[in-house]
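All residue numbers refer to positions in the sequence shown, counting from 1. This is a predicted model, so every value here is computed, not measured. When reading the values below, keep in mind they use all heavy atoms of this one structure, side chains included, and skip hydrogens, waters and symmetry mates.
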Amino acid sequence: MSDPFLGLTMLGLIVVVIIMGFPTAFTLMGLGMLFGFYAFYDPAEPWIDNRVFDLMVQRTYGAMTNDVLISIPLFVLMGYVMERGALVDKMFYSIQLSFRRVPASLAVAALIVCTFWGIASGLVGAVVVLMGVIAMNPMLRAGYDVKLASGVITAGGTLGILIPPSVMIIVYAAVAGQSVVKLYAAAIFPGFFLALLYLAYILGWAMINPKIAPALPEEQTRVPVPAWMRSFEALYSRNMPAGLLVALFSPSRAMALDTGEGPLTYWKLVKNACAALVPFSLTAVTLALAWWYVVIHPQASAEMEAPEGLEQLGASAADAGPAAVNGPPTSFYVSFAVIAVIAAAVLARYYRNMSADRLQVVKLLVSSVMPLGILTVVVLAVILFGITTATESAAVGAAGAFLLAFQARTLNWKRTKEAVFLTAKTTAMVCWLFVGSALFSGVFALLGGQALIEQWVLALNLTPVQFMILSQAIIFILGWPLEWTEIIIIFVPIFLPMLRHFDIDPILWGVLVFVNLQAAFLSPPVAMSAYYLKGVSPPHVTLNQIFAGMMPYMLIVILCMLIMYLWPGITLWLPDYLYG
């Protein structure tokens with residue numbers, strides 16, 4: 001048997017051994033050592049001098065000195081702290097009340113919570129289990145179809161590994177030698193776009209067949225408005241923002257109201273007025289930040305980089321002067337104006353109809369969603385805008401997670417120890433995977449397996465489109481028996497050297513792989529999301545029903561990949577705009 005075929009045997013053997021249940025990291029190292037010993041074997045030398053031992057040391061040292069991996073334990077710690085100090089039940093309740101008039105409101109709320117909680121934690125198993133405990137039984141009691149309820153939780157729970165900050169993206173960046181920041185920017189729009197496709201599918205199915213998601217009874221959609229707010233409406237106005245504005249200037253009647261905890265205070269009026277202004281404030285801040293980044297920030301940066309009077313080398317004195325700064329195109333101003341007008345119209349309509357019910361929903365959202373939302377936006381913003389590195393951002397996220405948990409009083413010493421222990425366990429697993437992968441890939445290349453695969457692919461005379469389809473199809477099939485860690489660590493490096501030959505952007509290809517690997521959590525027999533959900537579901541929910549509920553989402557994943565390839569700007573526009 002020639003050496004290249006030994007390499008292929010090695011590649012096939014790793015799949016068989018992993019499916020048999022052996023630990024991936026130690027299987028990689030064991031096969032690497034065994035086949036490497038054969039590759040380096042020299043009868044004239046003692047076996048202890050075999051160079052595979054030197055290769056093992058070098059590959060271990062190289063993997064452990066990879067700076068990209070430092071951010072993994074910090075992001076994992078952030079996720080476990082958020083999981084242990086969870087406020088998911090409050091978030092699910094407030095979002096469900098917000099969408100109480102929408103078809104399949106419980107399923108919509110479950111998908112939204114899965115998406116944003118997954119972003120914060122990045123832990124698929126934790127999100128699926130938590131949402132299974134919180135949302136599965138309410139959906140089943142409301143008469144929801146089992147396939148709808150199980151599908152939305154399992155599919156939504158996997159989005160956390162796709163939308164940044166994601167450990168999977170960091171692992172790919174370390175394997176492919178790509179920028180974590182650019183990959184984060186590239187994965188944001190596809191991740192939310194996939195969530196939007198999931199949402200469209202749920203709403204469409206519920207409108208076509210209302211029996212799968214019956215309307216909730218009145219008691220489950222009633223907003224828990226305090227009695228003093230009803231009395232406040234009667235005293236001032238049914239429009240709460242207008243009533244609060246009047247009450248701030250003439251609070252005597254309002255302060256005579258009883259809240260059940262004593263008289264209504266002026267400070268409570270101020271807090272309610274601030275809560276009413278939250279939708280307007282978020283819209284205004286978002287538009288202002290967009291204007292600053294696109295219009296003001298480039299001009300300020302250009303003035304700092306090219307001060308007036310600085311003469312370029314080889315330029316005449318007449319040419320010296322401040323560099324001209326090209327502003328954004330006219331289309332930006334038009335788009336910005338249109339978006340601002342639409343936002344103003346929506347806010348005007350919203351505030352015109354803001355009763356006590358809507359204000360109470362806003363307060364519930366502020367208390368349950370906003371802290372997590374602010375932390376997530378800060379962690380992503382400081383990375384994308386170049387304020388910090390990915391590692392420093394991960395440290396900010398971990399510190400913020402502790403602060404949120406302490407503020408909510410949901411994190412004690414026992415839960416902290418559990419979070420730290422699980423972080424150490426997960427980090428050790430990832431590090432051993434990198435060591436095993438580095439040794440395995442080195443021996444695989446030494447035996448000629450990598451060169452044989454490249455020669456086979458090039459002999460097919462594929463076009464870039466055909467190669468893209470072939471590589472993604474192989475990864476999709478591998479997702480059925482394997483998890484994302486094995487696929488990225490073992491098989492992705494096989495395709496990476498061929499991307500340059502076919503002139504394929506590794507950023508675009510990598511994000512397609514991330515979306516593709518969503519199917520790895522949704523495809524039997526190793527669909528881990530299904531097993532996570534089965535463990536916390538009622539006994540009458542079978543594994544086959546969960547599998548059936550997940551299948552449509554696999555088709556949506558394929559549709560999302562097709563759209564991403566036809567319109568690559570979904571993936572590449574943001575990193576190109578931010579970093580050129």
Side-chain angles (χ1 to χ4, degrees), residues 87 90-91 93-100 109 112-113 115-117 119-120 188 192 223-226 229 232-233 236-249 251 254 264-297 332-333 335-385 387 396-397 400-401 403-404 407-408:
L87 297 172
K90 295 181 181 179
M91 185 184 298
Y93 177 67
S94 59
I95 293 178
Q96 182 264 323
L97 285 179
S98 303
F99 290 89
R100 62 190 183 278
I112 294 174
V113 174
T115 302
F116 286 97
W117 194 258
I119 295 171
I188 287 178
F192 284 112
V223 180
V225 179
M229 292 182 71
F232 184 90
E233 280 186 315
Y236 287 91
S237 169
R238 182 169 173 77
N239 185 279
M240 288 298 292
L244 288 168
L245 182 63
V246 173
L248 289 175
F249 289 97
L264 180 64
T265 62
Y266 191 82
W267 174 239
K268 195 158 191 173
L269 284 175
V270 172
K271 289 197 295 183
N272 278 270
C274 292
L277 290 175
V278 165
F280 170 79
S281 302
L282 289 177
T283 305
V285 168
T286 302
L287 292 174
L289 286 176
W291 182 270
W292 172 83
Y293 188 80
V294 177
V295 178
I296 300 174
H297 174 65
F332 167 77
Y333 295 103
S335 302
F336 188 88
V338 171
I339 293 173
V341 169
I342 293 175
V346 171
L347 285 174
R349 184 180 182 277
Y350 182 78
Y351 277 105
R352 187 183 64 196
N353 300 319
M354 180 178 274
S355 61
D357 295 68
R358 284 195 174 183
L359 179 58
Q360 184 64 20
V361 170
V362 170
K363 291 165 62 177
L364 290 172
L365 289 172
V366 168
S367 62
S368 62
V369 178
M370 184 169 283
L372 180 64
I374 292 175
L375 175 62
T376 304
V377 170
V378 168
V379 169
L380 287 178
V382 295
I383 297 178
L384 297 180
F385 295 139
I387 301 173
V396 171
L403 290 177
L404 288 182
Q407 186 270 336

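- Between the OG1 atom in Thr283 and the CD1 atom in Ile342 there is a gap of 12.5 Å [rounded to 0.5 Å].
- If you take CZ on Arg238 and CD on Glu233, they are separated by 5.5 Å, rounding to the nearest 0.5 Å.
- Using a 4.5 Å cut-off on side-chain heavy atoms (C-beta onward), Met91 and Ile112 make no contact.
- Applying the side-chain hydrogen bond (donor to acceptor under 3.5 Å, both in side chains) test to Ser98 and every residue at least two apart in sequence or in another chain returns nothing.
- Screening residues 335-366 for ring-ring contact (aromatic ring centres under 6.0 Å, His included) gives Trp291-Phe336, Phe332-Phe336 as the qualifying pairs, with residues at least two apart or on separate chains.
- Minimum interatomic distance between Leu375 and Ala401 (heavy atoms only, all atoms of both residues): CD2-N, 3.8 Å.
- A donor-acceptor pair under 3.5 Å links the side-chain atoms of Tyr266 to the main chain of Leu248, judged by distance alone.
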Given the rule in the side-chain contact (heavy atoms from CB on, under 4.5 Å) test, do Phe232 and Leu244 qualify, once you have shown the distances and angles that lead to the verdict?
-> CA-CA 9 Å; Phe232 184 90; Leu244 288 168; 3.8 Å; yes

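- Two residues are said to be in side-chain contact when any heavy atoms from C-beta on lie closer than 4.5 Å; Met229 and Leu359 meet this criterion.
- When all heavy atoms are compared, the tightest approach of Pro224 to Leu97 is CD-CD1, 3.9 Å.
- Summarising the geometry, atom OG1 belonging to Thr286 is positioned 11.0 Å from atom CD1 belonging to Ile339; distances are rounded to the nearest 0.5 Å.
- The structure places OG of Ser368 at 8.5 Å from NZ of Lys90, a figure rounded to the nearest 0.5 Å.
- Of all heavy-atom pairs between Ala254 and Leu264, the closest is O-CD2, 3.3 Å.
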For the pair Val285 and Leu289, evaluate side-chain contact (heavy atoms from CB on, under 4.5 Å) and give the outcome as yes or no after the intermediate values.
-> CA-CA 6 Å; Val285 168; Leu289 286 176; 3.9 Å; yes

What do the steps show when you test Phe116 against Thr376 for side-chain contact (heavy atoms from CB on, under 4.5 Å), and what is the final call?
-> CA-CA 9 Å; Phe116 286 97; Thr376 304; over 6 Å; no

If you look only at distance, which donor and acceptor atoms sit under 3.5 Å apart when one is on a side chain in residues 270-279 and the other is two or more places apart or in another chain?
unit_1	atom_1	unit_2	atom_2	d
Asn272	OD1	Lys363	NZ	2.9
Asn272	ND2	Lys268	O	2.7

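- Counting only heavy atoms from C-beta outward, the side chains of Leu384 and Ile188 approach each other to under 4.5 Å.
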Begin from the C-alpha positions of Arg100 and Val223 and carry the test side-chain contact (heavy atoms from CB on, under 4.5 Å) through to its verdict.
-> CA-CA 10 Å; Arg100 62 190 183 278; Val223 180; 3.7 Å; yes

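- For the atom pair Gln360 CD and Leu365 CG, the distance stands at 10.5 Å (nearest 0.5 Å).
- Using a 4.5 Å heavy-atom cutoff, the side chains of Pro371 and Leu403 are not in contact.
- Side-chain atoms of Val361 and Ser94, non-hydrogen and from C-beta on, never get closer than 4.5 Å to each other.
- The main-chain N or O of Arg352 is found under 3.5 Å from a side-chain atom of Asn239 such that the two form a donor-acceptor pair.
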